[in-house]
Asks: 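Right, I'll just put the structure down here and ask away after.
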Amino acid sequence: VIGTMSCIGMWIPKAVMITDMTSATYFAIVVFKFLIMMLEETGGDEVFLKRANKHKLKISTGPCCCCCPCLPHVAITRRTLFLLKLGSFQFALLKLIFTLLSVILWTNNNFNLQDISATGVAIWINSFVGILTIIALWPVTITFMHLKTTLRTRKIIPKYAMYQLVLILSQLQTAIINTLAMNRIIACSPPFS
């Protein structure tokens, strides 16, 4: 999906906001579904809760709290499981909403990626989406760290590595192109900023 949308964005430059929205929303859903997949591989929510009642979650993991090893471990309860799911689901929902808002503002010439001033809309939306991304990746990492030995027979480590690789490559591509364009290294013309 991400590759197809990138190709369509290159072939039809005026559709780049729509293709970015599609691929970004797809990846936001993938983040949530990866968390659900790990829970389903253990047998579902009930089995996960039953097996985990004697264990605790280590929350001092990346990308939020990897530099805070002093954080306490958290008991695994139904509420904790709900918060883990909510942490990932909010990204799938809010990423779509903020991307739609960006497209609407872009069509009205109010959204410009090159405007990085405090009064520009793009800096606020992109900063907020960045925070949402970090918050969404945190529950997935917490769950992976807790289940990686349990799901080793299900080849969870290569799946997690591929998930991380897609995250890095899809986000890095956009960041590199935007940085090069803002420094006038590559020339961009409308609809590109």
Side-chain angles (χ1 to χ4, degrees), residues 1-41 61-64 84-107 111-114 116 121-144 147-148 151 154-183 185-193:
V1 169
I2 293 170
T4 303
M5 290 299 113
S6 296
C7 289
I8 291 172
M10 287 187 332
W11 294 328
I12 309 167
K14 289 195 183 270
V16 78
M17 288 293 282
I18 305 298
T19 58
D20 281 352
M21 177 189 72
T22 306
S23 60
T25 304
Y26 174 76
F27 187 74
I29 293 168
V30 165
V31 170
F32 176 67
K33 291 305 250 175
F34 192 82
L35 176 75
I36 299 300
M37 180 203 63
M38 285 190 293
L39 294 172
E40 291 298 320
E41 289 290 335
T61 62
C64 283
L84 288 172
K85 287 181 178 181
L86 183 65
S88 287
F89 181 74
Q90 56 83 22
F91 182 53
L93 180 66
L94 293 177
K95 176 67 175 173
L96 174 64
I97 291 170
F98 280 112
T99 309
L100 280 172
L101 180 63
S102 298
V103 170
I104 291 167
L105 291 172
W106 175 69
T107 58
F111 186 85
N112 183 4
L113 282 173
Q114 213 165 16
I116 54 171
V121 177
I123 191 75
W124 291 103
I125 290 177
N126 289 339
S127 298
F128 195 66
V129 167
I131 292 167
L132 292 176
T133 304
I134 291 170
I135 291 171
L137 295 175
W138 193 31
V140 175
T141 306
I142 290 171
T143 308
F144 171 74
L147 294 175
K148 72 180 175 185
L151 297 178
R154 307 273 188 175
K155 307 276 191 256
I156 195 67
I157 294 173
K159 290 175 186 174
Y160 186 75
M162 188 59 68
Y163 154 80
Q164 290 290 317
L165 183 67
V166 169
L167 167 71
I168 291 167
L169 291 178
S170 66
Q171 300 303 311
L172 194 60
Q173 175 184 344
T174 306
I176 289 171
I177 291 172
N178 286 341
T179 303
L180 291 174
M182 287 171 63
N183 291 322
I185 295 171
I186 58 174
C188 284
S189 58
F192 299 114
S193 61

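Quick note: residue numbers are just sequence positions, from 1.
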Asks: So, for M38 and L147, which heavy atoms are closest and what is the spacing to 0.1 Å?
Replies: O-CD1, 3.8 Å

Asks: For I156 and M37, work out which heavy atoms get closest and say how close.
Replies: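 It is CD1-CE, 3.7 Å.
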
Asks: Going by side-chain contact (heavy atoms from CB on, under 4.5 Å), name the residues that satisfy it together with L100, two or more places apart in sequence or in a different chain.
Replies: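 Residues passing side-chain contact (heavy atoms from CB on, under 4.5 Å) with L100: M21, L96.
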
Asks: Quick one: side-chain contact (heavy atoms from CB on, under 4.5 Å) partners of A92, sequence neighbours excluded?
Replies: A28, I29

Asks: Let me confirm one number: the CG-CZ distance from N126 to F98, rounded to the nearest 0.5 Å.
Replies: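 With rounding to 0.5 Å, CG (N126) is 10.5 Å from CZ (F98).
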
Asks: Less than 4.5 Å apart, side chain to side chain, heavy atoms only: is that true for I8 and T22?
Replies: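 When only atoms from C-beta onward are counted, T22 and I8 do not touch, as no gap falls below 4.5 Å.
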
Asks: Go through the steps to decide whether L137 and L167 satisfy the test side-chain contact (heavy atoms from CB on, under 4.5 Å), and finish with yes or no.
Replies: CA-CA 10 Å; L137 295 175; L167 167 71; 3.5 Å; yes

Asks: Closest heavy-atom contact between L35 and P139?
Replies: CD1-O, 3.8 Å

Asks: Only counting residues at least two apart or in another chain, list the ones meeting side-chain contact (heavy atoms from CB on, under 4.5 Å) with L105.
Replies: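 side-chain contact (heavy atoms from CB on, under 4.5 Å) list for L105, sorted by chain: L101, N110, F111, V121, I125.
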
Asks: So does W124 get a backbone contact from the side chain of S127, meaning a donor-acceptor N/O pair under 3.5 Å?
Replies: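 No, because the side chain of S127 does not come within donor-acceptor range (under 3.5 Å) of the backbone of W124.
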
Asks: Yes or no on side-chain contact (heavy atoms from CB on, under 4.5 Å) for K33 and V30, after CA distance, side-chain angles and deciding distance?
Replies: CA-CA 5 Å; K33 291 305 250 175; V30 165; 5.6 Å; no

Asks: Can you confirm whether L39 sits close enough to T143 that some side-chain heavy atom of one is under 4.5 Å from a side-chain heavy atom of the other?
Replies: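 Side-chain contact under 4.5 Å: yes.
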
Asks: Under the rule for side-chain hydrogen bond (donor to acceptor under 3.5 Å, both in side chains), what residues qualify as partners of K85, not counting sequence neighbours?
Replies: D45

Asks: By the side chain to side chain donor-acceptor pair (under 3.5 Å) test, which pairs, at least two apart or in different chains, include something from residues 154-163?
Replies: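 Checked against side chain to side chain donor-acceptor pair (under 3.5 Å) - neighbours excluded - the pairs reaching residues 154-163 are E41-R154, T141-Y160, Y160-Q164.
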
Asks: Any ring-ring contact (aromatic ring centres under 6.0 Å, His included) pairs touching residues 6-33, not counting sequence neighbours?
Replies: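 Non-adjacent pairs meeting ring-ring contact (aromatic ring centres under 6.0 Å, His included): F32-F89.
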
Asks: Ignoring hydrogens, what is the shortest heavy-atom contact between A136 and V140? Give both atom names and the distance.
Replies: O-CG2, 3.8 Å

